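Let me begin by presenting the structure, written as structure tokens, before commenting on it.
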Amino acid sequence: MNIINKIKQNELKYLIPSFAIFSLFTWLVNIPQTINIIVYLLILLTLIIFKFNNITILIFTLFSLLGNRTPYIMDREFSKVHFLYPAIFIASSLYFIIYLIINKKKNIYKLLLPMTLFIVYSFISLIWSLDPVEGLSKITLIIQGYFIYFVITNTKEHISFNYLSWFLSLFLFVLSVEFFTLAYQYTNSTNIIQNLKQMININKNAYLTLWANPNLAAAIFGIGFVPSLYKYFNKQNSKYTYLYIILDLFVIFGMILTQSRGLYFGLLIGLIVAPIILLIKNAGVKYTIFNGMILATLVFIIAILVLQNKYNNLYIDINKISSGRFTLYNFAYKEILNKPILFIFGQGTGSVRGLLRPLGHGEFYLHSFIINLLYTTGIIGTIFIFLIHFNTYKILKINGSLFAKLTAIAIFIYVGHELIDIGYDYQFLGVLLYFIIAVIEKDNERKAYNEKNIISTNNNSINNNISIMWFIKY
């Protein structure tokens, strides 16, 4: 028990690095998935038995995402399936549910209401969805991040921003090693520089054996990289922390290897807004820029679609540069023009595949979160999502720390990515994002509690002094 207590007191030193090493080991060694699931479940059970906190269990669950290399081959449309992360997430979620039931006091935090409204409306929209089964699947993927937000905001434990920063650093390093390993297999030169060039220009099909669509995996970099840099600004860390810059440079190379246009676009937006977020104190300006970014992208897309007949060559060129994205946007645009009521209510969650399959496209997402959102849930669902964004902005504003500002930059990158790519709030992306937001909101709660105690202590001190003075006087 002394060893367990020592590990609990030094999780950042022992446990989190162990999770990173273990997940990378099981991926590199290519342990069969069935064995992998059993081993990871046994470790999860060990963490539960020895009463490790919910945050530790969640971090282990996220590392399981990186731990499986070879999928099951299924005789279905999507034949390659990784079950390790879903299995661990389901098992840990069952534990979290039991925890929430036992812990009867439930706190209602800022994002819970708009999240609930969006999920309820998504369920309602299944009534008129073109593919209700697909829609139900989409809801189960989105709800994961919302559920984790509720769990973490209602857990008793607090973790420091430094702890979270180091977790993100190790997580992204393991992810970068996996991209590097898959790309390196396709090099054939004895010259290191030539190999690096080959890796950068490799066909993205090299990453199809990854545990998720490469564009989804790339989105993790957008969420996690900037907040992971917080470790360099934490005065409690030693000067040796700067040695980790070498590994962060490797992470940057990993981002290059993804070849994700969405990630590159998001990073460009992040570079533009970073000075504004870090230097300008007016939070309203930052939120206006955030909404302006989304609105400007939407206006640009609609303008190209409206003018495609008049400027057909321009439309063809932009569509080619965007890898055919505007073809998908055009399908949804024409549907909304033919049925204006879709702009209000949407075609229903999961309807994208029902729209595109008859047209000969196998896509299940419109490669733009705002277009996908408007088509499936209409302006009603879009309003709920913007309420989530607005309340997230308030959480970050209240906190005001450097970590909150770095997270704001990350959200710009993430949303910028998803404006022209896939996976908004999808499964592990939502889990990671709302985990970070929940930790920041818990920090707000801690600060408010401490300030309340200080005020109460000061008031008691003043009252005692008044009583003493009155006693002396009389």
Side-chain angles (χ1 to χ4, degrees), residues 7 10-48 50 52-72 80-93 95 144 148 159 163-185 207 209-214 216-221 223-225 227-228 231 244 247-248 250-251 253-255 257-258 427-429 431-433 435-436:
I7 292 173
N10 297 276
E11 285 190 5
L12 193 55
K13 186 177 180 180
Y14 300 115
L15 201 59
I16 307 306
S18 298
F19 290 164
I21 294 169
F22 183 72
S23 63
L24 182 58
F25 172 79
T26 58
W27 188 87
L28 288 172
V29 175
N30 196 12
I31 294 178
Q33 187 165 193
T34 302
I35 297 175
N36 233 1
I37 292 173
I38 293 172
V39 171
Y40 274 81
L41 283 174
L42 288 174
I43 295 174
L44 177 63
L45 182 61
T46 302
L47 293 173
I48 293 172
F50 286 102
F52 282 86
N53 65 58
N54 292 341
I55 293 174
T56 304
I57 290 172
L58 175 59
I59 287 175
F60 174 75
T61 301
L62 284 167
F63 270 114
S64 74
L65 178 68
L66 309 176
N68 194 71
R69 186 164 184 173
T70 303
Y72 287 129
K80 299 176 181 179
V81 183
H82 293 268
F83 283 121
L84 176 59
Y85 171 75
I88 303 305
F89 184 85
I90 290 171
S92 60
S93 295
Y95 169 74
Q144 292 178 23
I148 291 303
I159 62 169
Y163 182 107
L164 188 53
S165 172
W166 277 109
F167 154 65
L168 292 170
S169 298
L170 293 170
F171 191 84
L172 295 182
F173 176 72
V174 174
L175 176 59
S176 300
V177 172
E178 293 182 357
F179 269 102
F180 181 89
T181 304
L182 292 174
Y184 187 76
Q185 293 176 350
Y207 305 127
T209 57
L210 202 62
W211 34 263
N213 180 303
L216 288 173
I220 294 176
F221 286 111
I223 296 172
F225 181 68
S228 77
K231 59 185 176 287
Y244 199 89
L247 299 186
D248 273 335
F250 186 79
V251 171
F253 184 64
M255 288 191 274
L257 290 178
T258 65
Q427 201 172 4
F428 49 82
L429 298 181
V431 170
L432 184 61
L433 175 63
F435 170 37
I436 296 172

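Model, not experiment: these values are computed from the prediction.
- Looking only at side-chain heavy atoms (C-beta outward), V174 and L170 stay at 4.5 Å or farther from each other.
- Listed for the T258 side chain is no donor-acceptor partner under 3.5 Å among the backbone atoms of A218.
- L168 is not listed as a side-chain neighbour of F171, based on a closest heavy-atom distance of 4.5 Å or more.
- Under the 4.5 Å side-chain criterion, counting only non-hydrogen atoms from C-beta, D248 is in contact with F225.
- In this structure a side-chain-to-backbone donor-acceptor pair under 3.5 Å is missing from N68 to N36.
- No more than 12 heavy-atom neighbours from other residues, nucleotides or ligands sit within 6.0 angstrom of CZ on F25.
- A 4.5 Å side-chain heavy-atom check between I159 and N53 finds every atom pair outside the cut-off.
- Atoms CG and CD1, on L41 and I48 in that order, are 9.5 Å from each other to the nearest 0.5 Å.
- By the 6.0 Å contact criterion, OH on Y184 is open, its count of non-hydrogen atoms from other residues, nucleotides or ligands being 12 or less.
- Between E178 and L66, the shortest heavy-atom contact is OE2-O, 2.5 Å.
- Closest heavy-atom contact between H82 and T70: CE1-C, 4.1 Å.
- A side-chain donor from one of E11 and T56 sits under 3.5 Å from a side-chain acceptor of the other.
- Aromatic ring centroids of F179 and Y207 lie under 6.0 Å apart.
- Nearest heavy-atom pair, L175 versus W211, reported as atom, atom and distance to 0.1 Å: CD1-CZ2, 3.4 Å.
- The line from OG of S176 to CG of L247 is 9.5 Å long, rounded to the nearest 0.5 Å.
- Looking at heavy atoms from C-beta onward, L429 lies out of side-chain contact with Q144 at the 4.5 angstrom threshold.
- Here I7 contributes atom CD1 and F50 contributes atom CZ; the two are 9.0 Å apart, rounded to the nearest 0.5 Å.
- The backbone N or O of F83 lies less than 3.5 Å from a partner atom in the side chain of Q33, making a donor-acceptor pair.
- Under the 3.5 Å distance criterion, with hydrogens and angles disregarded, a donor-acceptor pair is assigned to the side chains of T26 and Y40.
- Contact annotation: the side chain of V431 approaches that of L58 to within less than 4.5 Å [non-hydrogen atoms, C-beta and beyond].
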Evaluation steps, side-chain contact (heavy atoms from CB on, under 4.5 Å), between I220 and M255: CA-CA 10 Å; I220 294 176; M255 288 191 274; over 6 Å; no
I would like to know whether Q427 and Y85 meet side chain to side chain donor-acceptor pair (under 3.5 Å); could you show each step before the answer? CA-CA 10 Å; Q427 201 172 4; Y85 171 75; 5.6 Å; no
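- I16 CD1 to I59 CD1: the interatomic distance, rounded to the nearest 0.5 Å, is 4.0 Å.
- With a 4.5 Å cut-off on side-chain heavy atoms, I31 and V39 do not count as touching.
- The aromatic rings of F180 and F250 are tilted relative to each other, their planes meeting at an angle between 30° and 60°.
- Looking at heavy atoms from C-beta onward, F19 lies out of side-chain contact with L62 at the 4.5 angstrom threshold.
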Go through Y95 and L44 one step at a time and tell me if the side-chain contact (heavy atoms from CB on, under 4.5 Å) criterion holds. CA-CA 10 Å; Y95 169 74; L44 177 63; over 6 Å; no
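- Minimum interatomic distance between S92 and T61 (heavy atoms only, all atoms of both residues): OG-OG1, 3.3 Å.
- Y244 places a side-chain N or O within donor-acceptor distance of the main-chain N or O of S169, the cut-off being under 3.5 Å.
- F89 and F428 have their aromatic ring centers separated by at least 6.0 angstrom.
- Taking the ring centroids of F167 and Y163, they lie at or beyond the 6.0 Å cut-off.
- Taking both residues in full, the closest heavy atoms of L172 and G224 are given as CD1-C, 3.5 Å, listed atom of the first, atom of the second, then distance.
- Distance CZ/F435 to CD1/I148: 9.0 Å, rounded to 0.5 Å.
- Shortest non-hydrogen contact noted between I37 and I88 is O-CD1, 4.4 Å.
- Here the straight-line distance linking atom OG of S18 with atom CZ of F60 works out to 11.0 Å at 0.5 Å rounding.
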